[in-house]
Structures are given as structure tokens and as C-alpha cells.
Amino acid sequence: MALLAAGCTTKTGELPQGPPREVRIINNVEVADDDHTLTVRYWGTECEEFSDSEIEYGITQIKITVYALVATEECQRSGLQQTADITLNQPLDSRIIIDANTDTVVYGP
């Protein structure tokens, strides 16, 4: 008997197909003048594309996890810098931004 966690199958109950989703390390972040739009730079490879992000809002900080879809396992894991635009649901104000994967500050006002 196999157990699958919720969200690991498609609506038809099949296992999802496609490239694996991997966490990426954020290098730095630029904040646009609107205080909501972020340009996030992270280390990746030439065989991937930005997937999505998870954002945790706190009083003094915002934690971001960046995910990428890797197209092939045979890709060189060179430190190629990638970028993604992420829109916050609330203004950054004077909060710092932390890479949730490494607990490293990647932006400070």
C-alpha cells in the first residue's frame, strides 16, 4: 500500500509529470519604487526556469523561498545567476528580506 501526501497527485489521482521542483539560494534582492515588486537574484543552472515562491510576512522581516523547475538531471550545477520578479501582497516598508532556505539577510533598508 502506497501513501501519497496531499498535493502530490493531479486532480485525476495520477503522479504529476515534469521536471522536479528545487529550492534555490537567493543572492540578493532589489525593491522597486512601488515597495511591492521585488527582483530576486538566485543561483541556478542553465537547464531550469523559475517555478514559484513562498513568502512569510513578519513584523520586522519577510522570508522568501524560491523554487525552480529543473529540466534535466544531466545539467551542470554551475552557479548561473537567475532572476525572478515577485510581487508582495503588502508593502515591504522598512522590513528586511531573508532567504528562508539559508536564514541569510538578502536585503536590508
Side-chain angles (χ1 to χ4, degrees):
M1 174 181 192
L3 295 175
L4 296 174
C8 292
T9 60
T10 64
K11 289 181 181 180
T12 60
E14 298 173 3
L15 290 175
Q17 300 298 310
R21 182 174 171 247
E22 295 183 359
V23 174
R24 290 293 175 247
I25 295 173
I26 298 172
N27 184 26
N28 63 48
V29 175
E30 286 184 25
V31 180
D33 291 338
D34 66 6
D35 209 34
H36 283 81
T37 305
L38 309 177
T39 299
V40 177
R41 289 182 181 79
Y42 61 94
W43 299 112
T45 70
E46 61 188 34
C47 304
E48 70 182 36
E49 64 183 49
F50 173 75
S51 171
D52 61 304
S53 62
E54 292 178 1
I55 303 171
E56 292 179 43
Y57 296 89
I59 295 171
T60 60
Q61 65 189 24
I62 293 177
K63 284 189 170 188
I64 300 176
T65 304
V66 169
Y67 296 95
L69 297 176
V70 180
T72 175
E73 293 178 13
E74 297 172 9
C75 189
Q76 296 271 334
R77 298 285 179 181
S78 62
L80 180 66
Q81 191 170 57
Q82 304 277 20
T83 60
D85 290 329
I86 296 173
T87 303
L88 301 174
N89 291 335
Q90 49 188 261
L92 179 61
D93 290 329
S94 60
R95 294 179 276 191
I96 61 173
I97 299 175
I98 295 175
D99 177 354
N101 185 41
T102 62
D103 278 331
T104 302
V105 175
V106 292
Y107 175 85

Chemist: Is there a side chain to side chain contact (heavy atoms under 4.5 Å, CB included) between W43 and Q82 once you walk through the steps?
Modeler: CA-CA 6 Å; W43 299 112; Q82 304 277 20; over 6 Å; no
Chemist: How would you list, by chain and number, every residue that makes a side-chain hydrogen bond (donor to acceptor under 3.5 Å, both in side chains) with T104, sequence neighbours excluded?
Modeler: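 Testing T104 for side-chain hydrogen bond (donor to acceptor under 3.5 Å, both in side chains), a comparison that skips the adjacent residues, returns T102.
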Chemist: side-chain hydrogen bond (donor to acceptor under 3.5 Å, both in side chains) with D85: which residues, sequence neighbours excluded?
Modeler: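 Listed in chain order: T39.
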Chemist: Could you list who else is in Y57's hydrophobic cluster, with ILVMFWY side chains joined at under 4.5 Å, directly or through other members?
Modeler: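 In the cluster with Y57 are I26, V29, V31, L38, V40, Y42, F50, I55, I62, I64, V66, I86, L88, L92, I97, V106, Y107.
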Chemist: Go through the structure and list residues passing side-chain contact (heavy atoms from CB on, under 4.5 Å) with Q61, not counting sequence neighbours.
Modeler: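 Partners of Q61 under the side-chain contact (heavy atoms from CB on, under 4.5 Å) test: K63, I96, I98.
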Chemist: What pairs with R41 under side-chain hydrogen bond (donor to acceptor under 3.5 Å, both in side chains), at least two apart in sequence or on another chain?
Modeler: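 If we apply the side-chain hydrogen bond (donor to acceptor under 3.5 Å, both in side chains) test to R41, skipping adjacent residues, the hits are N28, E30.
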Chemist: Sort and list the pairs that fulfil salt bridge (charged side-chain N to carboxylate O under 4.0 Å, His left out) and have at least one residue in residues 49-60, not counting sequence neighbours.
Modeler: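 Output for this query lists R21-D52, R21-E54.
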Chemist: Test V70 against R24 for side chain to side chain contact (heavy atoms under 4.5 Å, CB included), laying out the working first.
Modeler: CA-CA 11 Å; V70 180; R24 290 293 175 247; 3.3 Å; yes
Chemist: Which residue pairs pass the salt bridge (charged side-chain N to carboxylate O under 4.0 Å, His left out) test when at least one of the two sits in residues 92-101, sequence neighbours left out?
Modeler: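 Every pair satisfying salt bridge (charged side-chain N to carboxylate O under 4.0 Å, His left out) with a residue in residues 92-101: there are none.
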Chemist: With a cutoff of under 4.5 Å between side-chain heavy atoms, which Ile, Leu, Val, Met, Phe, Trp and Tyr residues group with V23?
Modeler: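 Same cluster as V23: Y67.
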Chemist: Could you report the tightest heavy-atom contact between P109 and S94, atom names first, then the distance?
Modeler: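 Smallest interatomic distance, heavy atoms only, reads CG-O, 3.1 Å.
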Chemist: Can you name the side-chain contact (heavy atoms from CB on, under 4.5 Å) partners of D33, sequence neighbours left out?
Modeler: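 Residues passing side-chain contact (heavy atoms from CB on, under 4.5 Å) with D33: none at all.
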Chemist: For N101, enumerate each residue passing the side-chain hydrogen bond (donor to acceptor under 3.5 Å, both in side chains) test, keeping only those at least two apart in sequence or located in another chain.
Modeler: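 Per chain and number, N101 pairs via side-chain hydrogen bond (donor to acceptor under 3.5 Å, both in side chains) with no residue.
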